[in-house]
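Since the model is a prediction, treat every value here as computed from it, not as a measurement.
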Amino acid sequence: DTDEPNLVVDAIGHVVAECFGGNHVQMDGQERARLIASAPDLLAALEEVVAEFDVADKAAGLEQGCYGLNETEGIKMARAALAATQAVAS
């Protein structure tokens, strides 16, 4: 049943994610540990990508006749992911 979440837990059993939907990725303990361990680096990379886009967007907006850059779906997804991490952290 796709309404029931798959739970991702850390090494001591704390739930760190709930995955919904039918396309579940099966991971063993080592794979899950590597993914969790890489989370801070992935977060920093997303923050940097969005910050670089914002700088480029601001620079483009300063050019005559340009109102800035159009956000790609990737930038929108990155912003949503960052917002989700901030919501969880607060």
Side-chain angles (χ1 to χ4, degrees):
D1 187 317
T2 59
D3 292 335
E4 292 297 317
N6 276 348
L7 302 179
V8 177
V9 296
D10 64 13
I12 56 175
H14 292 117
V15 175
V16 296
E18 293 181 8
C19 301
F20 293 86
N23 296 324
H24 300 292
V25 175
Q26 298 297 320
M27 288 189 229
D28 66 24
Q30 279 189 316
E31 291 169 326
R32 186 175 293 127
R34 283 193 300 273
L35 178 60
I36 291 168
S38 69
D41 293 334
L42 294 170
L43 178 60
L46 277 181
E47 290 170 336
E48 184 63 25
V49 166
V50 170
E52 288 177 4
F53 176 87
D54 289 342
V55 168
D57 180 46
K58 187 174 183 178
L62 295 175
E63 294 181 24
Q64 186 174 5
C66 184
Y67 299 104
L69 303 175
N70 292 326
E71 284 196 355
T72 64
E73 285 303 309
I75 292 294
K76 291 175 185 177
M77 291 170 64
R79 287 191 196 283
L82 290 172
T85 63
Q86 292 167 355
V88 169
S90 58

(request) Apply side chain to side chain contact (heavy atoms under 4.5 Å, CB included) to the pair Lys58 and Asp54, showing each step before the final yes or no. (result) CA-CA 6 Å; Lys58 187 174 183 178; Asp54 289 342; over 6 Å; no
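Between atom CD of residue Glu31 and atom CZ of residue Arg34 there is a gap of 5.5 Å, rounded to the nearest 0.5 Å. Remark: Thr85 OG1 to Leu42 CG distance equals 11.5 Å, nearest 0.5 Å. Atoms CG and CG, on Leu62 and Asp57 in that order, are 9.5 Å from each other to the nearest 0.5 Å. A distance of 9.5 Å separates CE in Met77 from OG1 in Thr72, rounded to the nearest 0.5 Å.
Across every non-hydrogen atom of Ala60 and Leu69, the tightest pair is CB-CD2, 3.8 Å. Of all heavy-atom pairs between Val50 and Ala78, the closest is CG2-CB, 3.7 Å.
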